[in-house]
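The block underneath contains the structure these notes are about, expressed in structure tokens.
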Amino acid sequence: MQRRVFGLAITLATVAAAAGCGSSSSGASDSASSGGGTTQVKVGVIPIVDVAPLYLGQKKGFFTKHGIDLKMETAQGGAAIVPGVVSDQFQFGFSNVTSLMIAQTKGVPIKSVVNGVATNGKVGADVTGVAVKKDSSIKSAKDLVGKKVAVNTLQNIGDTTVRESVRKAGGDPSKVKFVEMPFDQMPAALDGGQVDAAWMGEPALTIAKGQGARVVASPFAETDPKLTAATYFTSTKLLQQKPDLVKKFTAAMTESLEYASQHPDEARQMLTSYTKISGPVLKELTLPTWPTEIDMASLRKLASLGEQDGIFGGKKPDLNALFS
């Protein structure tokens with residue numbers, strides 16, 4: 001529970017619009033209804049590229065159509081979102097899949113209900129990447145052996161997939177030295193030589209490349225070209241008590257994912273409504289993909305790698321119970 005949600009959530013992407021600020025009350029899912037008969041639903045999110053379809057779907061009226069008055073509440077990561085969902089502060093939350101697996105193995109009563117985001121599958125041009133300085137001797141993932149590599153959270157989806165890139169490139173992943181660092185600090189740390197390489201998400205990756213950094217590995221795409229990286233989830237309590245509400249949210253979110261996939265320029269522009277991303281960074285940052293279906297094969301592979309790394313404390317996540 002101390003593990004942060006996949007740290008594409010960075011300080012550079014702070015909330016800039018009222019859409020990201022719901023009521024500060026910790027009301028449960030039936031706490032409020034609008035005059036039009038819709039149910040107020042709070043979603044715990046992090047203000048990053050990945051959740052653009054949620055905001056876009058709200059703007060397009062998909063949630064209203066399904067009787068949902070959507071409110072987004074921002075958090076720095078899973079340390080707040082997962083317990084927030086379990087305690088009914090939020091009815092739904094957004095999290096990377098490894099964090100959800102870790103929570104489940106610790107007995108946290110949660111259930112994924114709809115897909116969130118996936119790799120675009122493009123090695124060298126994915127939504128996350130391992131970057132090095134322009135003049136670095138590191139040319140591939142194999143060269144990361146013995147080097148200091150920054151990740152946003154230790155023993156989570158970042159270092160697990162970086163190890164897989166190193167392994168596939170013929171290196172010994174056990175000899176990579178990982179250090180924990182917020183994404184927003186990585187471009188400067190890399191440029192200043194504090195680390196040899198950094199695994200970054202957007203927009204930190206685009207910022208680093210603007211400073212001359214090179215991408216030498218694409219861990220998500222190299223782990224699985226269809227890797228499901230994050231999903232929206234709820235508590236098993238809400239699922240049991242209000243299955244119709246869960247179905248409505250899932251349907252609206254599915255429409256939102258489909259629309260964002262078909263209108264990537266609108267999804268990109270949506271970032272200006274809830275983050276401070278703008279200008280050249282907004283234009284150049286790499287978008288993920290937003291499939292409506294969770295890729296279970298990729299999750300099985302990710303879980304296997306996590307077990308290999310020992311991040312589940314010797315337990316095995318039940319993927320069918322968590323994601324199916």
Checklist line | Gln211 atom CD, over 12 foreign heavy atoms within 6.0 Å | finding: yes
Next item on the list: Decide if atom NZ of Lys301 counts as having more than 12 heavy atoms of other residues, nucleotides or ligands within a radius under 6.0 Å.
Entry: yes
Next item on the list: Using distance alone, with no hydrogens and no angle criterion, decide if Asn156 and Ser99 have a side-chain donor and acceptor under 3.5 Å apart.
Entry: yes
Notebook entry, point to check: Under 3.5 Å, is there a donor-acceptor pair linking the side chains of Asp172 and Ser174?
Noted result: yes
Minimum heavy-atom distance between [X] and [Y], given as atom pair plus value:
{"X": "Asp309", "Y": "Thr160", "answer": "OD2-OG1, 3.1 Å"}
{"X": "Arg167", "Y": "Gln308", "answer": "NH2-NE2, 3.1 Å"}
{"X": "Val151", "Y": "Trp199", "answer": "CG1-CB, 4.1 Å"}
{"X": "Ala204", "Y": "Pro187", "answer": "O-CG, 3.7 Å"}
{"X": "Thr286", "Y": "Glu202", "answer": "N-OE2, 2.9 Å"}
{"X": "Ala141", "Y": "Val166", "answer": "O-CG2, 3.5 Å"}

For residues [X] and [Y], determine if any side-chain heavy atom of one lies less than 4.5 Å from a side-chain heavy atom of the other.
{"X": "Ile68", "Y": "Thr38", "result": "no"}
{"X": "Ser137", "Y": "Asp143", "result": "no"}
{"X": "Val49", "Y": "Leu271", "result": "yes"}
{"X": "Lys142", "Y": "Ser140", "result": "yes"}
{"X": "Leu227", "Y": "Leu302", "result": "yes"}
{"X": "Asn115", "Y": "Glu293", "result": "no"}
{"X": "Ser112", "Y": "Ile294", "result": "yes"}
{"X": "Pro109", "Y": "Ser235", "result": "no"}

Item checked: Trace of the side chain to side chain contact (heavy atoms under 4.5 Å, CB included) decision for Leu257 with Val114 -> CA-CA 10 Å; Leu257 292 168; Val114 64; 4.2 Å; yes
Item checked: Chi angles and distances behind the side chain to side chain contact (heavy atoms under 4.5 Å, CB included) call for Ser256, Leu56 -> CA-CA 7 Å; Ser256 301; Leu56 189 56; over 6 Å; no
Note to self: Holding to side-chain contact (heavy atoms from CB on, under 4.5 Å), I want the full list of residues that pass it with Ala321, two or more places apart in sequence or in another chain.
What the structure shows: Gln104, Asp318
Polar side-chain atom of [X] near backbone of [Y] as donor-acceptor pair, under 3.5 Å:
{"X": "Arg163", "Y": "Leu305", "value": "no"}
{"X": "Gln269", "Y": "Asp265", "value": "no"}
{"X": "Lys315", "Y": "Thr105", "value": "yes"}
{"X": "Gln185", "Y": "Ala189", "value": "no"}
{"X": "Ser298", "Y": "Thr228", "value": "yes"}
{"X": "Asn120", "Y": "Thr289", "value": "no"}
{"X": "Lys168", "Y": "Glu222", "value": "yes"}
{"X": "Trp290", "Y": "Gln262", "value": "no"}
{"X": "Gln58", "Y": "Leu70", "value": "yes"}
{"X": "Tyr274", "Y": "Ala52", "value": "yes"}

Straight-line distance of [X] [atom1] to [Y] [atom2], nearest 0.5 Å:
{"X": "Lys134", "Y": "Asp191", "atom1": "NZ", "atom2": "CG", "value": "12.0 Å"}
{"X": "Leu100", "Y": "Lys111", "atom1": "CG", "atom2": "NZ", "value": "11.5 Å"}
{"X": "Lys133", "Y": "Ile138", "atom1": "NZ", "atom2": "CD1", "value": "11.5 Å"}
{"X": "Asn152", "Y": "Thr128", "atom1": "CG", "atom2": "OG1", "value": "10.0 Å"}
{"X": "Thr74", "Y": "Ile81", "atom1": "OG1", "atom2": "CD1", "value": "8.5 Å"}
{"X": "Met200", "Y": "Leu190", "atom1": "CE", "atom2": "CG", "value": "5.5 Å"}

Next item on the list: Given side chain to side chain contact (heavy atoms under 4.5 Å, CB included), test Lys139 with Arg214 step by step and report yes or no.
Entry: CA-CA 9 Å; Lys139 305 300 181 184; Arg214 293 183 289 109; 4.0 Å; yes
Salt-bridge criterion met for [X] and [Y] (N-O under 4.0 Å):
{"X": "Lys209", "Y": "Glu284", "result": "no"}
{"X": "Asp88", "Y": "Lys237", "result": "yes"}
{"X": "Lys65", "Y": "Glu255", "result": "yes"}

Item checked: Hydrophobic cluster identity match, Val123 and Leu144, side-chain contacts under 4.5 Å -> no
Note to self: I need the full list of ring pair (Phe, Tyr, Trp, His ring centres under 6.0 Å) pairs touching residues 225-255, with sequence neighbours left out, sorted by first then second residue.
What the structure shows: Phe63-Phe249, Phe92-Phe249, Phe94-Tyr232
Checklist line | Trace of the side chain to side chain contact (heavy atoms under 4.5 Å, CB included) decision for Leu299 with Met101 | finding: CA-CA 10 Å; Leu299 294 186; Met101 292 179 199; 4.3 Å; yes
